[in-house]
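Quick notes on the structure that follows.
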Amino acid sequence: MIRDEQCPFCENARLTIIQTYKHRWISCNNCGNVQRRQKARYAFECLPDFLFRLLPGRIGRFLSMSFKRKAQGEDYYDYYLAGAETGRATAHGTKWEGETERLTQRLADLGVDLRGKSVLDLSGGPGFVAQELSQICRKVVVTEYSRLAVERMRKHLGVDAIRYDYNCDDISELVEEKFDVVLIRWSINFCLDIRGMLASLKQCLNEGAVVYVTFVPPTLGACLRWQFDDYTFLVLYHPETMARLFAEEGLLAVARKDEGAYSYLQGPRHKVLSPFVFPYRIVNRLKMCNQEVSQKNLAMLFQWKPAAQGAAGAAADASRTRAA
């Protein structure tokens, strides 16, 4: 428990700290939302480099990168978004190959057809989806946090790209056109103020527009899985909170779909780090939080209905439930 602080989502004062290597995750005992705070010091960051060089192969370098502090900000995004080689002009041969087909199929299953629509892809780097959607959509605009990523998308992919930071910028001041569809794929967990973001975004929507959001809800597994990343999710939003915040701005939830889950130890990187993860699993096992050790992934579809804004917000607030 921590004192003299309230949850920003429900004003509850009963909060629990989930301890991990690089972060403290503040979990609300009432609504279940979780906020991340980076630690000022890491346990092993002061270990000399020569100790890591004694380890075989690339293990030492990998552990050194995991245990020590890495630069924040755009360097992180440039690394993440430039997974494909710099200058690559298509998704072929990258981990994003086939992503557009999977996305359009998911949307079709929810009754959304992108053909002939105007689409805003928020934080949609590295831009391959926007590039491929431009072949069937009337207009596609993609945003990204990293200036370098925006420049690469414009230069190599030929897409309409703009720099946008969820937590600093007003999207209505950056785009002129109104959109039929907004895509927010796996980035809303980096938005600290969903209400403020939506207050701006709804000015860019045609009436009846839809917003497709994929996100990671709060589980212990999500906190454990990303504990060695210096910069990761800022907030793990409970689905009921997500629905309420959108409804308060006139965007009503019309569909919700499970996008699967995976263990906090899934993948080669996480398996190598598992001996250093288990202690944090043990430390947090009795704390009041969602104890699932898988990262869960959810999709929600919202529709812009300005006339329903006030009533929907009140109804969503009344139906808010406590996290399991």
Side-chain angles (χ1 to χ4, degrees), residues 81 89-91 96 98-146 149-166 169-188 190-191 194-215 242 245-247 249-255 257 299-309 312:
L81 296 172
T90 71
W96 292 278
E99 177 61 24
T100 303
E101 289 78 6
R102 291 188 290 271
L103 173 64
T104 54
Q105 184 58 58
R106 289 188 183 103
L107 289 169
D109 292 342
L110 297 173
V112 179
D113 185 354
L114 295 180
R115 289 175 295 181
K117 302 292 178 58
S118 56
V119 176
L120 176 61
D121 190 5
L122 289 181
S123 198
F128 295 127
V129 168
Q131 181 194 46
E132 293 169 353
L133 286 180
S134 65
Q135 299 173 22
I136 63 170
C137 298
R138 178 173 61 80
K139 183 177 180 62
V140 180
V141 176
V142 60
T143 79
E144 196 43 81
Y145 173 88
S146 163
V150 169
E151 292 170 3
R152 288 175 179 170
M153 288 190 285
R154 289 172 178 168
K155 179 179 179 181
H156 300 295
L157 304 184
V159 298
D160 187 352
I162 60 174
R163 185 187 182 275
Y164 169 65
D165 181 345
Y166 279 119
D169 298 325
D170 185 328
I171 189 64
S172 66
E173 296 178 356
L174 300 177
V175 297
E176 297 180 357
E177 183 163 347
K178 289 184 179 288
F179 297 90
D180 303 310
V181 179
V182 177
L183 306 174
I184 308 179
R185 297 173 293 121
W186 311 116
S187 61
I188 204 165
F190 292 89
C191 178
I194 289 181
R195 275 197 201 92
M197 182 271 289
L198 292 176
S200 174
L201 178 64
K202 66 187 182 184
Q203 300 177 55
C204 309
L205 301 179
N206 290 316
E207 186 162 355
V210 295
V211 181
Y212 175 74
V213 183
T214 51
F215 64 102
M242 187 76 71
L245 294 175
F246 272 72
E249 296 299 328
L251 287 142
L252 304 186
V254 295
K257 187 176 181 181
M300 296 183 74
L301 185 70
F302 301 90
Q303 188 167 29
W304 168 229
K305 296 182 178 179
Q309 180 172 343

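- Between E249 and I194 the shortest side-chain heavy-atom distance does not fall below 4.5 Å.
- Sorted by first and then second residue, the salt bridge (charged side-chain N to carboxylate O under 4.0 Å, His left out) pairs with a member in residues 115-138 read D113-R115, D121-R185, R138-E177; sequence neighbours excluded.
- Taking 4.5 Å as the limit, some side-chain heavy atom of L114 sits within range of a side-chain heavy atom of V181.
- Ring geometry for F246 against F302 counts as parallel: the plane angle stays under 30°, on a 0 to 90° scale with 60° as the upper cut.
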**OP:** Test D169 against T143 for side-chain contact (heavy atoms from CB on, under 4.5 Å), laying out the working first.
**Re:** CA-CA 11 Å; D169 298 325; T143 79; over 6 Å; no
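- Nearest approach of A89 to L157, heavy atoms of both residues: O-CD2, 3.4 Å.
- Judged purely by atom type and a 3.5 angstrom limit, D170 uses its side chain to pair as donor or acceptor with the backbone of S172.
- If you take CG on L174 and CD1 on I171, they are separated by 5.0 Å, rounding to the nearest 0.5 Å.
- Shortest non-hydrogen contact noted between E101 and T104 is O-OG1, 3.0 Å.
- Note that the CG atom of L301 and the CG atom of L252 stand 11.0 Å from one another [nearest 0.5 Å].
- With rounding to the nearest 0.5 Å, the separation of NE2 in H156 from CD in E151 is 9.5 Å.
- When every heavy atom of W304 is checked against every heavy atom of G250, the shortest pair comes out as CE3-O, 3.4 Å.
- The local environment of NZ in K155 is sparse, with at most 12 non-hydrogen atoms from other residues, nucleotides or ligands closer than 6.0 Å.
- Nearest heavy-atom pair, C137 versus V119, reported as atom, atom and distance to 0.1 Å: SG-CG2, 3.7 Å.
- Within the 4.5 Å cutoff, the side chain of S123 has no heavy atoms near those of the F190 side chain.
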Table please: side-chain donor-acceptor pairs of residues 203-210 below 3.5 Å, with sequence neighbours left out.
| unit_1 | atom_1 | unit_2 | atom_2 | d |
| --- | --- | --- | --- | --- |
| Q203 | NE2 | A199 | O | 3.3 |
| N206 | ND2 | D180 | OD1 | 2.9 |

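- Annotation: the span from T214 atom OG1 to I188 atom CD1 amounts to 9.0 Å, rounded to 0.5 Å.
- Rounding to the nearest 0.5 angstrom, the gap separating the CG atom in D160 from the NZ atom in K139 is 4.5 Å.
- Side-chain contact between T100 and Q131 is absent, with no heavy atoms from C-beta onward closer than 4.5 Å.
- In this structure, CG on L122 lies 7.0 Å from CE on M197, to the nearest 0.5 angstrom.
- Using a 4.5 Å cut-off on side-chain heavy atoms (C-beta onward), L201 and L120 make contact.
- Taking both residues in full, the closest heavy atoms of V142 and A130 are given as CB-CB, 3.8 Å, listed atom of the first, atom of the second, then distance.
- Looking at Y164 and E144, their side chains never come closer than 4.5 Å, going by heavy atoms from C-beta outward.
- Between V112 and Y212 there is no side-chain heavy-atom pair separated by less than 4.5 Å.
- Contact check for E99 versus F128: no side-chain heavy atoms found under the 4.5 Å cut-off.
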